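So you know, we letter chains A, B, ... as the sequences are listed, proteins then strands, and number each from 1. Computed from a predicted model, the values in this text were never measured in an experiment. These numbers come from the heavy atoms of this one structure, side chains and all, not from hydrogens, waters or symmetry mates.
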There are 2 protein chains.
Amino acid sequence: MTTEALSRVFAALADPTRRDMVARLAEGDATANQLAEPYQMTLQAVYKHLRVLEQAGLVTRPPGPQPRPVRLEVHVFDLMDNWIERHRRRAEQRYRRLDALLAEMSGDEA
Amino acid sequence: MTTEALSRVFAALADPTRRDMVARLAEGDATANQLAEPYQMTLQAVYKHLRVLEQAGLVTRPPGPQPRPVRLEVHVFDLMDNWIERHRRRAEQRYRRLDALLAEMSGDEA
DNA sequence: CGGCCTTTCAACTTTTCGGTTGAAAGCCAC
DNA sequence: GTGGCTTTCAACCGAAAAGTTGAAAGGCCG
């Protein structure tokens with residue numbers, strides 16, 4: 001279900017800590033420890049956040065040697081983009097139609 | 001704080017009912033009753049959702065005669081767009097740099 | 001193998017969220 | 001001004017979220 005995926009992505013980004021993690025991962029991969037460093041919260045809490053981001057598809061953790069890197073998966077942004085742009089466009093179209101209608105009416109008046 | 005505003009917008013859109021409301025409002029204004037019609041939930045619950053959308057700035061309810069219309073405020077989408085695009089761009093830049101580096105290295109090899 | 005670092009599991013607490021019920025205002029029209 | 005819509009307020013409930021502690025695996029290197 002796309003709608004559940006969308007809910008998970010939006011919910012994941014609704015948390016400022018997770019948003020900060022994503023922002024930092026946009027600059028480059030990082031280990032869980034590096035990610036945790038700026039926050040004063042347990043390492044376990046950071047892993048929990050990572051699991052949320054992972055299940056939202058925003059992040060992967062490629063297998064390999066022990067301190068596994070966390071990698072941002074940008075293509076998930078497209079999901080949000082699509083949703084946002086679709087409705088933005090629809091609403092703006094409505095505005096344009098309304099403007100046109102108003103213009104026509106004032107033209108008739110003149 | 002912009003970060004709180006962002007949290008509120010993302011959190012508001014993390015709920016499928018609220019997302020559906022926004023989608024329908026993109027087609028045109030509606031009253032609370034009209035909005036509530038498709039869902040089997042109390043009218044009060046709908047008003048609660050509207051309050052969340054309102055506090056996220058996604059929706060306004062212009063004053064006037066009693067069945068007050070709910071109006072979508074598209075410009076709030078820009079907030080999300082900015083955030084998303086900024087980090088998407090940064091990550092994609094990284095990818096490009098990485099590609100260039102790899103190309104350079106394989107060029108050195110040849 | 002042993003030990004250390006990384007990662008996960010589990011249980012518990014506190015808040016927040018989505019929803020309900022019930023009641024109270026507000027406002028509009030007749 | 002009373003009656004019927006719309007809107008809000010308040011208290012409550014169950015479930016989920018964010019964080020903690022404590023413990024257990026997993027994996028890597030000397």
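By the 30° and 60° cut-offs, the orientation of the rings of A:W83 relative to B:F77 is tilted.
At the phosphate of C:dT6, neither OP1 nor OP2 sits under 4.0 Å from any side-chain N or O atom of A:R61. For the OP1/OP2 pair of D:dG19 and a distance below 4.0 Å, the side-chain nitrogens and oxygens of A:T42 include no atom meeting the criterion.
Rounded to an integer number of Å, the gap from B:L43 CG to D:dC5 P is 13 Å. If you measure from atom CD of A:Q40 to atom P of D:dT21, you get 13 Å, rounded to the nearest angstrom.
Sequence order on DNA chain C of the closest nucleotides to B:P65 and A:N33 puts A:N33 first from the 5' end.
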Could you pull out all donor-acceptor pairs under 3.5 Å where a side-chain atom in residues 46-63 of chain B meets a protein atom, sequence neighbours excluded?
unit_1 : atom_1 : unit_2 : atom_2 : d
B:H49  : ND1    : B:R18  : NH1    : 3.2
B:T60  : OG1    : B:E73  : OE2    : 2.7

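As judged by a 4.0 angstrom heavy-atom cut-off over every strand, A:A32 is placed among residues touching the sugar-phosphate backbone only.
With C:dC27, D:dA23, C:dG19 as the candidates, the nucleotide lying closest to the side chain of B:Q66 is C:dC27. Distance from the side chain of B:A45 is smallest for C:dT20 among the nucleotides C:dT6, D:dG19, C:dT20.
Taking the side-chain contact (heavy atoms from CB on, under 4.5 Å) definition, one finds that A:E4 meets it with A:M1, A:R8, sequence neighbours left out.
With respect to the salt-bridge test (charged N to carboxylate O, under 4.0 angstrom), the residues B:R94 and A:E27 do not qualify.
Taking every heavy atom of residues 47-56 of chain B and every atom of DNA chain C, pairs under 4.0 Å involve B:K48, B:H49, by number.
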